[in-house]
Amino acid sequence: MRTEIVDPYVGNFVKSLREIGYTFEVAVADVLDNSITAYANNINILVLPDPEKIFMMLDDGVGMSEGELINSMRLAANDPDLIREEHDLGKFGLGLKTASFSQCKKLTVISKKNNNICIKQWDLDFISKENKWLLITPELEDYSDYPLFSDLFEQDSGTLVIWENIDSFSTEELTTKIYDLKNHLSLVFHNFMEGKAPNKQKINITVNMDPIKPFNPFNPNHKATQELEVEKITFKNAIIKVQPFILPHHSKLSQQEFDRYATPQGYTQSQGFYLYRGNRLLIHGTWWGMHKMRDAHRLVRIKIDIPNSQDAEWGIDIKKSTAKPVLQIKNDLKRIIHQVTIKGSRPYTGRGRIIKDSTIIRFWNLEARPEGQKFVLNRQNPILKDLLDNLDVEKVKLLNLFLMGVEGYLPLDTITAQLYSKPHELRQEPELSNEELGQLVESWRETGISEDFIGELLKTEIFLNNKEFVIDEK
């Protein structure tokens, strides 16, 4: 057998390597994983537009020696099949490089360990020109005026990552990119910022000097959040933890809190599974094809925790943005979905059943018909019934035609959309004060309306839904 070395065209390979599909915020999160693995407690990020776009991330982790830095700059530095430490958020040894290359053409890493500072750099234009993987060692003095360099110099240890020649977005997009980055980091790393990782490693993250606050998508501190029992599934000598949450109904939240926990995708699109690996959020807002997105289940979110030894079984990719459950545990997940979605729909279906309450005379009824259910006006409501009884035949026909139109053209789609998108802005109750309601009752008595009929009127929603209204008994 004869063999020969056929080297790739490095310049073309580099271009392909840049097109893996990272967004800016996902790329930054991938680089930040290395800081957590290095036991950093403080991570400072700067994204500056002038004179050219530049990104810098400084941590106070353990840092690297020159040999360790060279290895970390090597593509595919890690064997993905090796057992890693529990807190290690990497896998392939590609994240730092592929994430950085997706955003910039020049990656510089400066690290300090044992009072020694070393620097290495990948310059993709230089690599393409030379058609070789030539790692550059720049002069440290060239970076002494860069923001955060002096901070690294004063620290006992740490690492500074610098992106230059950023071409993945324009300067005009920078404000939006920073906004998306803050939201992404607050969600993906909320467990670490809350100090809930098993090793109690609590990190502080700032973006352009602005501290990032953790965003826990399950709103566990709200008294109306239903935090269900954790179920442990054993798979290949590892424990997978599954915990369902049912978020509070909008009536129990302020408008600000309601909007915050909707996430930018909205409640309906944010329902489903939230997959964590090593306390880091990977995937969220998906049922993996085991259940359909339904408005009735919009408050259901199910947390799954897996150890980093399960990467292969879940098909986790380089970007940590693709994963799916293995076939062997799908039945367990489907069972959990069934159980929690029944409970999760109650905040809505429970409220819907109130319309059948016989102790209140309502304006609307929900009727079951052969073709399906339909909302119809309650013709036995005393106000409407008295009106119909006192009109001539032609006026009754005309009024009934109008009422049928109201029923038939009830804007259900618009109502549903409003309830799910901006429920706090919907104000449908009659604008009648206690004084006006009292005057109505007195005027009825003055016109000789019987107390029995007034009693029926007082059972209608206008009066009963006003908890502060009290009528003198006659």
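Worth saying up front: this structure is predicted, and the values here are computed from it rather than measured. Index from 1, following the sequence.
Counting only heavy atoms from C-beta outward, the side chains of Phe55 and Ile162 never approach each other to under 4.5 Å. Contact check for Leu107 versus Trp163: side-chain heavy atoms found under the 4.5 Å cut-off. Within the 4.5 Å cutoff, the side chain of Gln103 has no heavy atoms near those of the Val28 side chain. Looking at Met290 and Leu333, their side chains come closer than 4.5 Å, going by heavy atoms from C-beta outward. Using a 4.5 Å heavy-atom cutoff, the side chains of Gln243 and Asp305 are not in contact. In this structure, the side chains of Trp314 and Ile329 come closer than 4.5 Å at one or more pairs of heavy atoms. For the pair Lys236/Gln310, a side-chain contact is recorded, criterion being any heavy-atom separation below 4.5 Å from C-beta on. Within the 4.5 Å cutoff, side-chain heavy atoms of Asn165 are placed close to those of Glu52.
Although no hydrogens or angles enter the test, the distance criterion places no donor-acceptor pair under 3.5 Å between the side chain of Asn44 and the main chain of Leu58. Gln269 contributes no side-chain N or O that, together with a main-chain N or O of Gly266, makes up a donor-acceptor pair within less than 3.5 Å. Judged by distance alone, with hydrogens and angles left aside, the side-chain atoms of Thr341 form a donor-acceptor pair with the main-chain N or O of His338 at under 3.5 Å. Counting only distance, with no hydrogens or angles, the side chain of Ser157 and the backbone of Gly61 share a donor-acceptor pair below 3.5 Å. Not one N or O on the side chain of Asn219 forms a donor-acceptor pair closer than 3.5 Å with the backbone of Leu247. At distances below 3.5 Å, not a single donor-acceptor pair connects side-chain atoms of Ser111 with backbone N or O atoms of Leu160. Lys330 places no side-chain N or O within 3.5 Å of a backbone atom of Pro325 that could act as its donor or acceptor partner. Formation of a donor-acceptor pair under 3.5 Å by the Gln271 side chain with backbone atoms of Arg294 is found in this model. Panel note: side chain Arg301, backbone Pro217; a donor-acceptor pair is recorded below 3.5 Å. Side chain of Asn34 to main chain of Val31: a donor-acceptor pair is present (N/O by atom type, distance under 3.5 Å, no hydrogens or angles).
Residues meeting the side chain to side chain contact (heavy atoms under 4.5 Å, CB included) test with Asn183, sequence neighbours left out: Tyr179. For Asp332, the salt bridge (charged side-chain N to carboxylate O under 4.0 Å, His left out) criterion is met by Arg335, not counting sequence neighbours. Applying the side chain to side chain contact (heavy atoms under 4.5 Å, CB included) criterion to Thr171, with sequence neighbours excluded, gives Pro49, Lys53. Qualifying side chain to side chain contact (heavy atoms under 4.5 Å, CB included) partners for Glu25, counting only residues two or more places apart in sequence or in other chains: Thr23, Asp180, Leu181, His184. Under the rule for a side chain to side chain contact (heavy atoms under 4.5 Å, CB included), the partners of Asn191 that lie at least two apart in sequence or sit in another chain are Glu194, Lys196, Tyr276, Asn279, Lys303. Contacts of Glu139 classified as side chain to side chain donor-acceptor pair (under 3.5 Å), with partners at least two apart in sequence or in another chain: none.
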Original post:
Given Glu173 and Thr176, is the side-chain hydrogen bond (donor to acceptor under 3.5 Å, both in side chains) satisfied, shown in steps?
Top reply: CA-CA 6 Å; Glu173 297 175 280; Thr176 300; over 6 Å; no

**OP:** Decide yes or no on side-chain contact (heavy atoms from CB on, under 4.5 Å) for Leu32 and Val188, but give the supporting numbers first.
**Re:** CA-CA 11 Å; Leu32 197 149; Val188 170; over 6 Å; no

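The number of heavy-atom neighbours closer than 6.0 Å to NZ of Lys241, taken from other residues, nucleotides and ligands shown, is 12 or below. No more than 12 heavy atoms of other residues, nucleotides or ligands shown are found within 6.0 angstrom of CG on Asp156.
In this structure, Tyr267 has its ring center under 6.0 Å from that of Phe258. In this structure, the ring of Phe218 has its center less than 6.0 angstrom from the ring center of Tyr274.
Atoms CG and SG, on Leu69 and Cys118 in that order, are 4.5 Å from each other to the nearest 0.5 Å. Taking CG of Leu253 as the start and CD of Gln255 as the end, the distance is 10.0 Å to the nearest 0.5 Å. Atom CG of Leu187 is separated from atom CZ of Phe215 by 6.5 Å, given to the nearest 0.5 angstrom. Going from atom CD1 of Ile205 over to atom CD1 of Ile36 covers 6.5 Å, rounded to the nearest 0.5 Å.
With 3.5 Å as the limit, one finds a donor-acceptor pair spanning the side chains of Lys120 and Thr137. Checking Gln155 against Asp151 by side-chain atom types alone, no donor-acceptor pair falls below 3.5 Å.
The heavy-atom pair separating Cys104 from Leu124 by the smallest distance is O-CD1, 3.9 Å. The shortest non-hydrogen separation linking Phe192 to Gly278 is CZ-O, 3.2 Å.
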